[in-house]
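The sequence lines fix the lettering, A, B, ..., with proteins before strands; numbering per chain opens at 1.
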Amino acid sequence: MKGSDLTPFQHSLLEWYRAHRRALPWREERDPYRILLSEVLLQQTRVDQAIPYYHRFLERFPDLRSLGEADLEEVLRVWQGAGYYARARNLHKLAQIVSAEPPLPTNYARLRELPGLGPYTAAAVASIAFDEPVAAVDGNVRRVISRLMAWENPTPAALQAKAEEWLAAESPGEWNQAMMELGATLCAPRKPACRSCPLARWCAGQASPERYPAPRARQQRATEAVALVLQGPYGVVLEPRQGRSLGGLWGVPMAEGRSLEPLLRRLAASHGTTIPTPEHAGTVQHAFTHRRLTVQVYKSRWEGPAHDPQSKPLSQLDRKILRQAQAL
DNA sequence: AATGCGGGGAG
DNA sequence: CTCCCAGCATT
């Protein structure tokens with residue numbers, strides 16, 4: 001660890017970072033579990049959005065042991081609202097794996113084998129918590145490198161190679177965070193502050209930074225669904241949600257399409273009774289990344305067994321539906 | 001290589 | 001409204 005080993009390029013960024021870095025909760029300490037949690041929370045999530053969940057999660061699950069011993073449903077309840085619920089399921093599974101064989105792995109290759117830890121998160125934890133010289137390439141770093149190199153459509157392999165080439169191996173955790181911090185603040189997607197950038201003299205894309213990297217083509221398709229809120233003295237009928245992302249959460253009975261009939265048939269069969277004629281309670285719109293969902297919300301009086309929606313982990317969509325039916 | 005997955009903030 | 005964020009798993 002010698003500052004004199006740094007290239008002028010590396011020195012400029014690290015100097016800038018030490019002077020301008022934001023004081024974030026997980027930067028105040030070196031507990032690997034807390035660093036791991038922060039990195040998982042930050043997957044596709046802005047810093048400001050992740051911070052409240054970071055505190056809430058640690059208050060309930062201060063260490064890997066307490067997390068591994070908890071019920072998945074409670075983990076999801078604490079995660080509720082943060083989105084990408086597979087992250088919580090994977091973190092819970094990770095805690096159970098690690099608790100059986102105590103220490104958290106301390107290198108990239110073994111971290112990479114754990115559920116929910118992909119190339120970015122494994123590299124971030126390995127470098128920040130364990131000082132392993134491996135480059136962490138997230139969306140920020142992708143943009144920073146693309147602009148410095150004037151690359152419009154870089155491949156992940158090219159980005160990783162360039163990131164490794166530039167990595168300040170003496171302080172990899174700090175270097176990785178500096179690259180991300182630059183991308184999150186000055187080298188922003190729109191209106192980058194090139195005049196303040198410590199790397200401007202090395203930047204090939206500075207004349208037209210917004211060209212790099214080229215924006216991704218997307219398509220949004222509209223989908224329709226119907227939901228039925230069965231409410232009565234014992235609460236609301238909730239079903240376990242299926243699927244990788246929403247699995248483990250609960251929700252009101254729903255079906256694709258615009259017709260209520262198939263849903264009514266399914267519910268009548270599963271409950272062994274006919275459903276009282278539903279009344280239309282309104283429409284709920286919900287935006288997913290590649291889909292715009294329009295849900296027709298119906299509700300019926302229901303005297304049978306039900307759940308207390310306050311005690312179940314629900315997605316934001318289901319909370320919207322319950323509010324629309326005035327059941328939350 | 002393409003797709004699905006949440007939620008929210010900025011322009 | 002669109003874009004995209006400290007991505008990952010699956011196909």
Side-chain angles (χ1 to χ4, degrees), chain A residues 17 21-22 24-27 34-54 76 79-91 93-94 111-129 135-146 153 155-157 159-160 163 173-185 187-192 210 213-223 241-249 251 285-293 313-320:
Chain A
Y17 177 66
R21 66 175 217 159
R22 294 168 290 178
L24 304 179
W26 44 87
R27 284 181 177 164
R34 296 186 170 220
I35 291 169
L36 168 62
L37 171 63
S38 73
E39 293 302 340
V40 172
L41 269 171
L42 288 166
Q43 289 169 6
Q44 291 289 282
T45 306
R46 287 172 212 280
V47 164
D48 291 341
Q49 189 185 347
I51 287 176
Y53 291 96
Y54 176 79
L76 287 165
W79 199 272
Q80 182 175 309
Y84 284 124
Y85 298 95
R87 298 185 297 178
R89 292 197 302 276
N90 284 329
L91 202 51
K93 189 186 304 177
L94 180 155
L111 286 166
R112 183 67 182 77
E113 297 170 1
L114 293 170
L117 300 202
Y120 163 75
T121 309
V125 173
S127 62
I128 297 170
V137 179
D138 71 335
N140 290 309
V141 175
R142 174 171 183 266
R143 185 171 53 257
V144 169
I145 293 176
S146 297
N153 292 294
T155 64
L159 290 166
Q160 189 69 38
E174 196 174 27
W175 174 261
N176 283 330
Q177 293 185 80
M179 289 283 282
M180 292 188 279
E181 190 84 343
L182 187 71
T185 57
C187 197
R190 279 165 294 205
K191 294 192 176 183
E210 313 223 18
R216 280 276 183 201
R218 296 167 177 248
Q219 57 177 1
Q220 279 222 34
R221 51 179 236 274
T223 314
R241 285 272 181 261
Q242 304 299 326
R244 197 176 65 258
S245 175
L246 293 177
L249 295 173
Q285 300 269 355
H286 194 70
F288 296 96
T289 305
H290 297 298
R291 196 158 54 128
R292 173 148 217 97
L293 185 62
L314 302 173
S315 71
Q316 286 299 118
L317 171 58
D318 284 289
R319 291 156 66 82
K320 273 189 211 171

Pick base, sugar-phosphate or nothing for [X], based on heavy-atom distances below 4.0 Å to the nucleic acid.
X	value
Trp79(A)	nothing
Leu182(A)	nothing
Ala188(A)	nothing
Arg27(A)	base
Gly183(A)	nothing

Residues Tyr85(A) and Trp79(A): closest non-hydrogen pair is CD2-CD1, 3.7 Å

Which pair of heavy atoms, one from Ala135(A) and one from Asn176(A), lies closest together, and at what distance? CA-OD1, 3.6 Å

If I take atom [atom1] in residue [X] and atom [atom2] in nucleotide [N], what distance separates them, rounded to the nearest angstrom?
X	N	atom1	atom2	value
Gln43(A)	dG6(B)	CD	P	14 Å
Glu39(A)	dC5(C)	CD	C1'	14 Å
Leu159(A)	dA6(C)	CG	C1'	15 Å
Asn90(A)	dA9(C)	CG	P	6 Å
Asp138(A)	dC4(C)	CG	C1'	12 Å
Arg34(A)	dA6(C)	CZ	C1'	19 Å
Ile145(A)	dA6(C)	CD1	P	15 Å
Leu91(A)	dC8(C)	CG	P	13 Å

Closest to the 5' end of DNA chain B, once Pro156(A) and Arg87(A) are matched to their nearest nucleotides, is Pro156(A)

What's the gap between dA6(C) and dT3(B) when it is taken at their P atoms, as a whole Å value? 24 Å

How would you list, by chain and number, every residue that makes a side chain to side chain donor-acceptor pair (under 3.5 Å) with [X], sequence neighbours excluded?
X	answer
Arg46(A)	none
Gln80(A)	none
Thr45(A)	Arg87(A)

Once side-chain contact (heavy atoms from CB on, under 4.5 Å) is applied, do any residues pair with Ala126(A), and if so which ones, sequence neighbours excluded? Tyr108(A), Leu111(A), Glu132(A), Val134(A)

Can you sort out the partners of Gln44(A) under side-chain contact (heavy atoms from CB on, under 4.5 Å), two or more places apart, ordered by chain and number? Tyr84(A)

Point-to-point distance, once rounded to the nearest 0.5 Å, from CZ of Arg22(A) to CD of Gln177(A): 10.5 Å

Tyr84(A) side chain near dA9(C) phosphate (N/O to OP1/OP2, under 4.0 Å): no

Establish, with yes or no, whether the OP1 or OP2 oxygen of dG7(C) is under 4.0 angstrom from a side-chain nitrogen or oxygen of Gln44(A). yes

Hey, what are the protein-to-nucleotides 9-11 of chain B N/O distances that come in under 3.5 Å?
{"residue": "dG9(B)", "atom": "N2", "partner": "Arg46(A)", "partner atom": "NH2", "Å": "3.4"}

Quick one: the side chain of Thr45(A) and the base of dG6(B), do they pair up donor-acceptor inside 3.5 Å? yes

Which pairs would a plain distance check flag for residues 113-124 of chain A, meaning a side-chain donor or acceptor within less than 3.5 Å of a matching protein atom at least two apart in sequence or in another chain?
{"residue": "Tyr120(A)", "atom": "OH", "partner": "Glu39(A)", "partner atom": "OE1", "Å": "2.5"}
{"residue": "Thr121(A)", "atom": "OG1", "partner": "Gln43(A)", "partner atom": "NE2", "Å": "2.9"}

Can you sort out which residues in residues 117-127 of chain A have a heavy atom within less than 4.0 Å of DNA chain B? Ascending by number, please. none

With sequence neighbours left out, write down each residue that passes ring-ring contact (aromatic ring centres under 6.0 Å, His included) with Tyr54(A), or none if nothing qualifies. Trp26(A)

Earlier contact from the 5' end, DNA chain C, for Arg112(A) and Arg22(A): Arg22(A)

